[in-house]
There are 2 protein chains.
Amino acid sequence: MKPVTVYDIAREANVSVATVSRVLNNTAPVKASTRERIMGLIQKHQFQPNALARSLIKKETGMIGIILPDITNPFFPEVLAGLEQEARNNGYTFFLCDTGSSNQDIKAQYQRESQYLNILMEKQVDGIIMIGGRIDLARCSKEMAKEVAEVNKRLPVVLINGNLPGAKFHRVIIDEVAGGVLATEHLIGLGHTDIAFIGGYKQMSNTVQRLEGYTKAMQQAGLQIREDWIITGGFTVEAGKVFMNQLLGGETENRPTAIVCANDLSAIGAIKAAVKHGLRVPEDMSIIGFDDIPLAANVIPELTTISLKCLELGRTAAHILHQLIGKNGIDTLTVLQPELVVRESTAPLRVGISISAAGNVSSQG
Amino acid sequence: MKPVTVYDIAREANVSVATVSRVLNNTAPVKASTRERIMGLIQKHQFQPNALARSLIKKETGMIGIILPDITNPFFPEVLAGLEQEARNNGYTFFLCDTGSSNQDIKAQYQRESQYLNILMEKQVDGIIMIGGRIDLARCSKEMAKEVAEVNKRLPVVLINGNLPGAKFHRVIIDEVAGGVLATEHLIGLGHTDIAFIGGYKQMSNTVQRLEGYTKAMQQAGLQIREDWIITGGFTVEAGKVFMNQLLGGETENRPTAIVCANDLSAIGAIKAAVKHGLRVPEDMSIIGFDDIPLAANVIPELTTISLKCLELGRTAAHILHQLIGKNGIDTLTVLQPELVVRESTAPLRVGISISAAGNVSSQG
DNA sequence: CTGAAAGCGCTAACAT
DNA sequence: ATGTTAGCGCTTTCAG
């Protein structure tokens, strides 16, 4: 059965397509009686206007694209939820573009970003939101950055928690440095002085910034920063385990008593590895994460962490994009402040015990 | 700057739009020299064909819609990843339609499902995938079911892990009953006889079926099923805690030694509650989950669970949908088999200890 | 191998 | 208040 069109409705109602269109869009007054008649037919035939045809002429589709690296990483669904919430209210629909960073080489991922950028433009989306991927790079290549800049000339693009060189973008970001400071000062406040930093990637700006916050807080407190206590190379649970093992691998009488992790996932890995080493968290070792994914509240022990306000990040981005669409807004930068969420994985330093006693336990047992 | 069209290219290349279209789609032989000339112009102007116009006439959009209840529940991103993987290879793009079950009343959720169903049709998607929501209902209302049936007449719909009365649908499901049996038999195999079942909703078919598997395995082993040891009412971590507290609330000398949970999240809640009660998992209490979300491998202790093969579920659904699009395939039913994943949260029954000793500890301390 | 022309389903002037 | 008509940007016969 072929779909019914405005023409079918018009014919049966003895009116012109224009009139049908008018009742459809409430774009001009229509006599009550004919309006009713048309409405009836619409009901009767379950008529649904073809959004493609409509968009073709109106030059707006009510669709926005979101490009992200890995939907499987719980951080992203959280900001997605925020996006959805806000965008739904404004009548937008979402293209989800997962570039699948998890199981591919990094080159393929960036390629897929480019690919999606093109597809989205062809599909005439009203705007694009990017999060993760190339925009997280501390030094993104000129070409990759330019590509996005070109897109940004044609339609609004907003970057979440990232940036690209060579052009101004609309962005909504969290103050990562402040987050790093917050986390580190929390630990310092608990009496810790031997504090390590693990997780993330040195090439990524978020890691660099979190690390910068860590460094800043340490220096401000007059504490020593040991290069071998800063280990990066991954955001996963697995990576967290590896880093922690590395930290605990050497002479155990000389290990940190507290750890700032670049994200929650690696913090969880760190906890698991610590436990395997016979250490108790937080009694023998304090661990703080970054992100505040839902999971953070559900592991045992519950994770103390820095909330990145994922939901708010998403909502704000959607809001800004909505403002931008249609209007030629100027470049926008919104900075959200992170928040310390104290739960169970951090505790005051237990003087005299932490390093020798607990450390030895782990090395002997 | 207004977008360039095939006409612009045609004019500059001194050919007709037909020829441009031909090189764009490789739909007829074009002289090499003119082809090159056109390709050059396309490059030069960064020309991108308008997918709306193209779809309008070709009657296919390369878009498919996925309607799900809550992207924030880690089960769904997992199947989404599977969908994406498969669909991307076939050139599809995704509409993500989150009906936001998490923070709204249930009525609103179903309403939003209807709404999205309509939007997706208007946008002319090539197919729709549904998971969760109304299709999980053990007894879905006639109207809600019919609505989907109507959609299914116009374009392919595939249901993941659910069903709707009154019509045949293409479905890909996991054998939930088998999963329930698997979980329960695992516990029985470890020597447990006092086994409870918690989590899920009695109104949802997945819960009913998992429970059916539990019952079946218990009866087959000649074990008694206590009505007060079957508690339903939620899938969240919070719900799991509540149920476990309820189980442990009464006389502690009379508590189960093992628990089948309706999903991983509630299992995690159960573990947390048990630990709060002074019980050790798995030493004093074995707990098994359902789903095998990534998180399951990352909690402490790592969760023994029933894998629902989320990724495969997603991939299969996308594959089937692809087959269906264009062709008038007959109704399809694919059943995947669940799998037991043994990790750390289950252990052999410790005779004589589990009930009295551990139970008393919890009641006294 | 290439061009002219007729739509796809809808909206928006411009008439009446 | 309603009808006529010209497109939106593309594909696709049908002719050459």
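Here is how names work: the chains are called A, B, and so on, in the same order as the sequence lines, proteins then strands, and each is numbered from 1.
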Just checking B/S21: base, sugar-phosphate only, or nothing, at a heavy-atom cut-off of under 4.0 Å?
base
How close or far is atom P of C/dT2 from atom CD1 of B/I9, stated in whole angstroms?
16 Å
Across the strands shown, which category fits B/N14 at heavy-atom distances under 4.0 angstrom: base, sugar-phosphate, nothing?
sugar-phosphate
Do the non-hydrogen side-chain atoms of A/S114 and A/E143 ever get within less than 4.5 Å of each other?
no
Applying a 4.0 Å non-hydrogen cut-off, can you work out what B/V20 is touching in the nucleic acid: base, sugar-phosphate, or nothing?
nothing
Nucleotide nearest B/A18 when distance is taken to its side chain, options D/dC10, C/dG3, D/dG7
C/dG3
Counting side-chain heavy atoms from CB outward, which of D/dT13, C/dG7, C/dT11 is closest to B/R22?
D/dT13
I need the minimum non-hydrogen distance between A/L155 and A/V125, along with the two atoms involved.
CD2-O, 3.6 Å
B/P49, nearest nucleotide to its side chain (from D/dC10, D/dG3, D/dG9)
D/dC10
Please give, in whole Å, the distance from C/dG9 P to B/N50 CG?
16 Å
Do B/F95 and A/F95 have their ring centres less than 6.0 Å from each other?
yes
Where the side chain of A/V15 is concerned, which of D/dC10, D/dG3, D/dC8 is the nearest nucleotide?
D/dG3
How many Å lie between NZ on B/K2 and C1' on D/dG9, as a whole number?
13 Å
Whole angstroms only, please: what is the OH-P distance between A/Y7 and C/dT11?
11 Å
For A/K59 and D/dG9, is the shortest distance between a side-chain N/O and OP1 or OP2 below 4.0 Å?
yes
Using atom CG of B/D8 as one end and atom P of D/dC10 as the other, report the distance to the nearest whole Å.
9 Å
If you compare all heavy atoms of B/L311 against all heavy atoms of B/A81, which two are closest, and at what distance to 0.1 Å?
CD1-CB, 4.2 Å
Report the distance from atom CZ of A/R54 to atom P of C/dA12, rounded to the nearest whole Å.
9 Å
Quick note, A/T5 side chain, CB onward, closest among D/dG9, C/dC10, C/dG3 is C/dC10
Give a yes or no on whether a salt bridge exists between A/K44 and A/E12, defined as a side-chain N under 4.0 angstrom from a carboxylate O.
yes
Closest approach of B/A28 to B/R22 (non-hydrogen atoms, all atoms of both residues)
CB-CD, 3.4 Å
Partner of B/I173 under side chain to side chain contact (heavy atoms under 4.5 Å, CB included), picked from B/T334, B/L333, B/T316, is B/L333
Round to the nearest Å and state the distance from B/L56 atom CG to C/dA6 atom C1'.
14 Å
Taking the nucleotide of DNA chain C with the nearest heavy atom to each, does B/V17 or A/N25 sit closer to the 5' end?
B/V17
Kindly state which residues belonging to residues 27-34 of chain B come within less than 4.0 angstrom of DNA chain C, counting heavy atoms of the residue only, listed by number.
B/P29, B/V30, B/K31, B/T34
Which pair of heavy atoms, one from B/G82 and one from B/R315, lies closest together, and at what distance?
O-CG, 3.3 Å
Axis-to-axis angle for the helix from C/dC1-D/dG16 to C/dT16-D/dA1, ends of five pairs each, to 10°, equals 40°
Rounded distance (Å) that lies between atom C1' of C/dT11 and atom CG of B/L52:
14 Å
What heavy-atom pair brings A/I160 and A/A317 nearest, and what distance separates the two atoms?
CD1-CB, 3.5 Å
Under 4.0 Å from OP1 or OP2 of D/dC10: is there any side-chain N or O of B/S55 that close?
no
Distance check, rounded to the nearest 0.5 Å: B/I325 atom CD1 versus B/Y92 atom OH?
3.5 Å
